[in-house]
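The figures here come from the full heavy-atom set of this structure, side chains too, leaving out hydrogens, waters and symmetry mates. Chain identifiers are assigned alphabetically (A, B, ...) following the order of the sequence lines, protein sequences preceding nucleic acid strands; residue numbering begins at 1 within each chain.
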2 protein chains.
Amino acid sequence: MSKIDYIKNSEIFKALSNPIRLQMVDFLLDDECCVTDVVNELGISQSASSQHLLILKNSGIVYPEKHGTRTCYKVKNKLAEEIIKLLKTNNND
Amino acid sequence: MSKIDYIKNSEIFKALSNPIRLQMVDFLLDDECCVTDVVNELGISQSASSQHLLILKNSGIVYPEKHGTRTCYKVKNKLAEEIIKLLKTNNND
DNA sequence: TTTACATATTAGAATATCCTAATATTATAA
DNA sequence: TTATAATATTAGGATATTCTAATATGTAAA
């Protein structure tokens with residue numbers, strides 16, 4: 001029953017407030033992937049993909065792991081994971 | 001295990017992506033209230049309050065009930081309620 | 001009815017978001 | 001090395017957000 005940090009939490013929602021980023025998080029939860037995979041899966045430009053991933057990284061939802069020339073992004077945020085789970089179970093009217 | 005509607009759900013997050021609106025939803029969950037109460041609780045202008053409440057209404061998170069000159073806003077959205085619950089229980093690092 | 005109260009709406013400025021196009025960086029392969 | 005692949009960064013335009021200030025609307029009390 002702790003107090004909510006509205007500013008901090010609203011930043012998580014801001015990160016998830018874009019449909020592309022929401023899809024990215026869902027996709028990276030199943031298959032942690034490199035940027036090119038995300039580009040192919042979502043059908044967006046490489047630049048846009050990098051910029052969205054940066055936003056997700058800055059909001060603490062994903063983190064990058066370098067492997068050679070590739071960067072593999074993984075979701076690591078309990079709240080974000082719980083929220084995605086909610087979206088999947090909620091037969092949201 | 002249904003597919004997620006990214007566009008639709010991202011709109012909920014957009015509504016919650018502003019700290020004032022996030023606080024509004026939390027406040028209205030406890031004490032469903034008229035606009036003036038919200039104004040006093042959050043310390044924002046009447047106009048800003050009305051505009052934020054309209055956004056919450058349009059996103060399907062709250063709905064208004066008229067009582068005389070007052071408008072009483074209530075939260076009615078299962079997903080939003082679950083999310084706020086998550087924020088309260090998650091000892092979010 | 002006038003007046004006051006509660007809320008809604010509008011206009012416009014400041015700022016933020018998000019895209020594309022172009023270029024930079026970095027690591028491996030040839 | 002040089003070339004290529006993968007990713008990051010930058011600039012700038014189009015659009016969206018959010019505030020304040022001003023005005024409009026609706027209801028009830030005097």
message: Quiz question: going by heavy-atom distance under 3.5 Å, is there a donor-acceptor pair between the base of C:dT20 and the side chain of A:Q51?
response: yes
task: Can you sort out the partners of B:T69 under side-chain contact (heavy atoms from CB on, under 4.5 Å), two or more places apart, ordered by chain and number?
output: none
Measure [atom1]/[X] against [atom2]/[N] and give the value in whole Å, please.
{"X": "B:L56", "N": "C:dA8", "atom1": "CG", "atom2": "C1'", "result": "15 Å"}
{"X": "A:E11", "N": "C:dA16", "atom1": "CD", "atom2": "P", "result": "13 Å"}
{"X": "B:H67", "N": "D:dG26", "atom1": "NE2", "atom2": "P", "result": "19 Å"}

For B:D26, side-chain hydrogen bond (donor to acceptor under 3.5 Å, both in side chains) partners two or more places apart: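 B:D26 satisfies side-chain hydrogen bond (donor to acceptor under 3.5 Å, both in side chains) with A:Y6, B:K88 once adjacent residues are dropped.
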field: Those residues that, when tested against A:Q51, pass side-chain hydrogen bond (donor to acceptor under 3.5 Å, both in side chains) (two or more places apart)
entry: A:S47
- prompt: Are any of B:K14's side-chain N or O atoms less than 4.0 Å away from OP1 or OP2 of D:dA16?
  reply: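 For D:dA16, OP1/OP2 do not have a side-chain N/O of B:K14 under 4.0 Å.
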message: Is there a side-chain contact between B:H52 and the phosphate of D:dT17, meaning an N or O under 4.0 Å from OP1 or OP2?
response: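 The answer is no; no side-chain N or O of B:H52 sits under 4.0 Å from OP1 or OP2.
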- request: Sequence neighbours left out, what pairs pass salt bridge (Lys or Arg N to Asp or Glu O under 4.0 Å) with at least one residue falling in residues 46-75 of chain B?
  value: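 Sorted result for residues 46-75 of chain B: B:E65-B:K74.
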field: All pairs passing salt bridge (Lys or Arg N to Asp or Glu O under 4.0 Å) where residues 39-55 of chain A contributes a residue, at least two apart
entry: none
- prompt: So which pairs with a foot in residues 47-76 of chain A pass ring pair (Phe, Tyr, Trp, His ring centres under 6.0 Å), sequence neighbours left out?
  reply: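 Ring pair (Phe, Tyr, Trp, His ring centres under 6.0 Å) check on residues 47-76 of chain A returns no pairs.
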task: Would you mind classifying the nucleic acid contact of A:K57 as base, sugar-phosphate or nothing, using non-hydrogen atoms under 4.0 angstrom?
output: nothing
query: Can you list, by residue number, the residues of residues 15-29 of chain B that have a non-hydrogen atom closer than 4.0 angstrom to DNA chain D?
result: B:N18, B:I20, B:R21
Can you list, pair by pair, the side-chain donor-acceptor contacts under 3.5 Å of residues 11-19 of chain B, counting residues two or more places apart and other chains?
{"unit_1": "B:S17", "atom_1": "OG", "unit_2": "B:K14", "atom_2": "O", "d": "2.7"}
{"unit_1": "B:N18", "atom_1": "OD1", "unit_2": "B:I20", "atom_2": "N", "d": "2.8"}
{"unit_1": "B:N18", "atom_1": "OD1", "unit_2": "B:R21", "atom_2": "N", "d": "3.3"}

Could you list the protein-to-nucleotides 2-8 of chain D atom pairs, N/O on both sides, closer than 3.5 Å?
{"unit_1": "D:dA6", "atom_1": "OP1", "unit_2": "A:R70", "atom_2": "NH2", "d": "3.4"}
{"unit_1": "D:dA6", "atom_1": "O4'", "unit_2": "A:T69", "atom_2": "OG1", "d": "3.1"}
{"unit_1": "D:dT7", "atom_1": "OP1", "unit_2": "A:V35", "atom_2": "N", "d": "3.2"}
{"unit_1": "D:dT7", "atom_1": "OP1", "unit_2": "A:T71", "atom_2": "N", "d": "3.2"}
{"unit_1": "D:dT7", "atom_1": "OP2", "unit_2": "A:T36", "atom_2": "N", "d": "2.9"}
{"unit_1": "D:dT7", "atom_1": "OP2", "unit_2": "A:T36", "atom_2": "OG1", "d": "2.2"}
{"unit_1": "D:dT7", "atom_1": "O3'", "unit_2": "A:T71", "atom_2": "OG1", "d": "3.2"}
{"unit_1": "D:dA8", "atom_1": "OP1", "unit_2": "A:Y73", "atom_2": "OH", "d": "2.7"}
{"unit_1": "D:dA8", "atom_1": "OP2", "unit_2": "A:S50", "atom_2": "OG", "d": "2.9"}
{"unit_1": "D:dA8", "atom_1": "N7", "unit_2": "A:Q46", "atom_2": "NE2", "d": "2.7"}
{"unit_1": "D:dA8", "atom_1": "N6", "unit_2": "A:Q46", "atom_2": "OE1", "d": "3.2"}

